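Worth saying up front: this structure is predicted, and the values here are computed from it rather than measured. Residue indices begin at 1 and follow the sequence shown.
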Amino acid sequence: MSRRIDKAELISKLQTLAGLTVDERSSLIGLLREHKKYGLVWEDKPEDVEERLRDELPVLREVKDKAILSKELDAPNHILIEGDNLEALTALSYTHEGKIDVIYIDPPYNTGNKDFVYNDSFVDTEDSYRHSKWLSFMNKRLKIAKKLLSDKGVIFISIDDNEQANLKLLCDSIFGENNILGNLPTIMNLKGNQDEFGFAGTHEYTIAYSRNKQTCTLGALNVEEDDLLEWEIDSIGYYKKGANLKSTGVNAPRTKRPNLYYPILIDNKTLKVSTITEEEFLNSHTRNYEHDDLIMKQIAEHYRKIGYTILLPITNGMEMSWRWQWSTVKNNLHEIIVTGTLGNFSLYKKQRPELGDLPSKKPKSTLYKPQYSSGNGTEQLKTLGLERLFNNPKPLDLIKDILQISAINKESIILDFFAGSGTTMHATMLLNESDKGKRQCISISNNENNICENVTYVRNSRVILGFGDNINSLKANTLRYYKTDFISRDRTQKNMRELVKAATDLLCIKENMYQETKIVCNGKTLRKNFARRFSEDSKEMIIIYEPAVIKYIVEELKAWEEKEFIKIYVFSEGRYAYDDDFKDVLNKVTLCALPDAIYKTYRRVLPKRKKVQPIEIVLSEEEQEEVLTDAAQYSYKEKEGGEA
C-alpha cells in the first residue's frame, strides 16, 4: 500500500536535486506549494513584454503635435496611449490606482482565426497551449485592472464562447465570485450566423463585475421612443400609473398600521384629490377604534354634504391601510392618479423615471437593441471615412448604453485597454454631450498595422473636430496622445534622475494638470531642467529635478496665496522629501519624494527581476597550474614595485 506523499519532504529533496537550474527548481517548488481548492489551473506561458518589464520601467511620453486642445477651460482630457497594454497599465498603476470608475474591454476572443497574437505569433486552433496563453495574457492585465478600479468601480468585458467559460472562472478568482453583476448574452446578429454548426449564432456575452458589490451603484437605461406612448407628461415631467395606493401583504391590515387608516377626499366635480385637516386626522387616531370610527363617520358625513367622495383603504370588506401616511399624501397630491367613475374610484401612485428627465428602465439580463447589430459598428466607421481599416468594431449604441448604466457619475473616469477602433472614447463623448457630463476616457491600443495612429486617433480626432456632413464636431473635448517609453530598472543615480524627468508626463496625467507656467525666483525665470510648474484652476504642481533650487522656490512660496495645497514632487535618492527645507511653507504644500513613490507602486505590479547567478568555472589541472603561476608572478611584481 503506497503512503501519502508529503509535500515538505518533496520540497526538501528538490532543494538538493542536481541537474536543475535555479529557475527550474524555483518553478517546481512553487507548483508544489500551490494549494487551490477550486478554480482554473493553467500553465503560465512567458510573455515577451513581461520579460522586458523585468529590466525596464515603463513611462508615458506625450506626442505634443497630436494634441487636440479644446478652447473650453473645463473640457475633459481624454487620453490615448500607444503601446502594449501591459506596459501602459503598469504606468497607470502609478497615476490611477483606485481612481477608475468604469472599465470596458473587448479583448481578443481567441478564435484561432488570427485574432490573438502572443509573442509576435498568431495563436491558432492547433496550438496545444492556446487557452493557457490566453489565460496568462488576460490574468496579468486583469490583476492590474482590479487595482485601478475605485471602490465603486465596475468592469465590463465582451467575449464569445471560445473563452467565455474560462474568463468567468478567471474573473471569479480575481474580482471574487460574489462581485459578479451579470453574465449577459448580448444579441449582435438577430438573424443568426448560418455558418455555425447546429445553431445559428445570434449572440456573444458581456461579463460584468464590480470591485465591491456592497458599494457599487448601477443606473438605468432610457426607454425607447415606442415605449414612451405608455407615459404621460405633467408639469413635473414624465409619469405613468404605478402601484395602487392601498397596501397589500401581511403588514397591510389596519390593526398593524392604524395611523395609515384614514379618509382621502375626491372632489366629485374636478376629481382632484385632497386630505382631511390635520386636526381631523389627530382627532380620529386615538387608538380607540370605536371612538375613531365615530369621528371618521362624522368627518365623512361633513365632506359628502359639500360634494366629496370619501375613500378608505378597504379591500374586499377588510380594513387595510394606505401606503403613504397622511402628511405624505398632503404634500404629494400631485403624485396621485384617480381612476374609475363616481362611486367606484381607485387611487394610484405616479411612477416617475428613475434617472434624469426621461423615463428609464432597469437593464435586462439579455442585452438587445436593433442598434447593437455588429454591422452598425462597421457603418459608423465608414461614416468617419475609416471603412475597411478595422474588422468588427463594436457598435456605438452598445458601448454608450453600458456607460449610461455604469458611469452614472458625470465626472467618471473610464478606461479601455483594448481600444481597437476607439468606440469607447467616442461613446464617452456622445454620452457627455447628451447629459452635459465631463467624463474622461483613457484608451490604450498597440500600433499593430498602424491601428492606434490611423484608426483610434483619427476616429476620435474627427469626432472632436467634425467630419463630412454626418459627424458634428464635439469641440468640448481635449485629446492627448502618449507613447510608452522605458527607463532601466537599475537604481543608479543617473537612471533615477532620468526616471524623474521622464515621469513629468505621468505626473501631469496623475494630477490632471497640463497648463505649464513659469517659476520666477528673485525676478528670474527658473530653467526647466531645474524645476517645472503646472496649474489647473486653483490647483498647483511643482516638479523639482534639482534639490539645490528648493531654497529659492520656498522663498517664492511664502508669498503665494493658493486656495489648495501645492503638490510638490522632488527628486530624492531615498524617501526623504526635504521636509526640513520646506518647514516654513508646510501649511501650503504636500510633498512627495521621487522616484521612490514610483518604484513602490511599480514593485506591486511588475514581475520580479531575475537574480544573476554566479557562473561556476571548472578548470583542468593544467589550467589551475597556469593560474597559480600567474598569481605568484603578480605577487612578486607588486612587492618589487614592478608593472603588474
Does atom [atom1] ([X]) have a neighbourhood of more than 12 heavy atoms from anything else shown, all under 6.0 Å?
| X | atom1 | result |
| --- | --- | --- |
| E411 | CD | no |
| N392 | CG | no |
| Q298 | CD | yes |
| K330 | NZ | no |
| N587 | CG | yes |
| L73 | CG | no |
| K146 | NZ | yes |

- Task: Start with the C-alpha gap between N212 and K152, add the side-chain angles, then the distance that decides, and say whether side chain to side chain contact (heavy atoms under 4.5 Å, CB included) holds.
- Result: CA-CA 6 Å; N212 183 346; K152 296 181 179 180; over 6 Å; no
For residues 98-110, which side-chain N or O atoms pair as donor and acceptor with protein atoms under 3.5 Å away, sequence neighbours left out?
residue : atom : partner : partner atom : Å
K99     : NZ   : T95     : O            : 3.2
K99     : NZ   : K510    : O            : 3.3
D101    : OD1  : S150    : OG           : 3.4
D101    : OD2  : I413    : N            : 2.8
Y104    : OH   : S158    : OG           : 2.6
D106    : OD1  : Y109    : OH           : 3.1
D106    : OD1  : K394    : NZ           : 3.3
D106    : OD2  : K394    : NZ           : 3.2
Y109    : OH   : E204    : OE1          : 3.3
Y109    : OH   : E204    : OE2          : 2.9
Y109    : OH   : K394    : NZ           : 3.2
N110    : ND2  : R130    : O            : 3.3
N110    : ND2  : E163    : OE2          : 2.6

Return yes if a side-chain donor-acceptor contact under 3.5 Å exists between [X] and [Y], otherwise no.
| X | Y | result |
| --- | --- | --- |
| N179 | R211 | no |
| S70 | T478 | no |
| R323 | T328 | no |
| E280 | T277 | yes |
| H78 | N477 | yes |

Can you check whether [X] reaches [Y] side chain to side chain, under 4.5 Å on heavy atoms?
| X | Y | result |
| --- | --- | --- |
| I299 | Y262 | no |
| L398 | M188 | yes |
| L167 | L142 | yes |
| Y348 | L245 | no |
| N166 | H131 | yes |
| L396 | H426 | yes |
| F345 | T339 | no |
| L221 | I405 | yes |

* Could you note down all residue pairs passing salt bridge (charged side-chain N to carboxylate O under 4.0 Å, His left out) where residues 282-307 supplies at least one of them, sequence neighbours left out? =>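 Salt bridge (charged side-chain N to carboxylate O under 4.0 Å, His left out) check on residues 282-307 returns R254-D293.
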Using 4.0 Å as the upper bound for N to carboxylate O, is an ion pair formed by [Y] and [X]?
| X | Y | value |
| --- | --- | --- |
| E97 | R604 | yes |
| K369 | D397 | no |
| E335 | R352 | yes |
| K567 | E511 | yes |

Using the ring of F417 (Phe, Tyr or Trp, six-membered ring only), decide whether R141 places NZ or CZ under 6.0 Å from its centre and within 45 degrees of its axis.
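No, a cation-pi geometry is absent between R141 and F417.
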Enter the distance from [X]:[atom1] to [Y]:[atom2] here, rounded to the nearest 0.5 Å.
| X | Y | atom1 | atom2 | result |
| --- | --- | --- | --- | --- |
| M320 | K256 | CE | NZ | 10.0 Å |
| E540 | I568 | CD | CD1 | 10.0 Å |
| S421 | L384 | OG | CG | 9.5 Å |
| M513 | C508 | CE | SG | 9.0 Å |

request  = Mind listing the closest non-hydrogen atom pair of I180 and A208 along with its distance?
outcome  =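 Between these two residues, the closest heavy atoms are CG1-O, 3.5 Å.
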_Treating T186 as the side-chain partner and L184 as the backbone partner, does any N or O pair qualify as donor plus acceptor under 3.5 Å?_
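Side chain of T186 to backbone of L184: a pair is present.
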Parallel, tilted or perpendicular: which one describes the rings of F137 and F418, with boundaries at 30° and 60°? tilted
Describe, in one word, how the ring planes of W326 and F281 are oriented to each other, choosing from parallel (under 30°), tilted (30 to 60°) and perpendicular (over 60°). parallel
Is the distance from the ring center of H291 to that of Y289 below 6.0 Å?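 No: the rings miss the under 6.0 Å criterion.
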Per side-chain hydrogen bond (donor to acceptor under 3.5 Å, both in side chains), T423 is matched among R459, K400, Q380 by R459
**OP:** Starting from the C-alpha separation in whole Å, work towards a yes-or-no answer on side chain to side chain donor-acceptor pair (under 3.5 Å) for D151 and T215.
**Re:** CA-CA 7 Å; D151 197 44; T215 54; 3.2 Å; yes
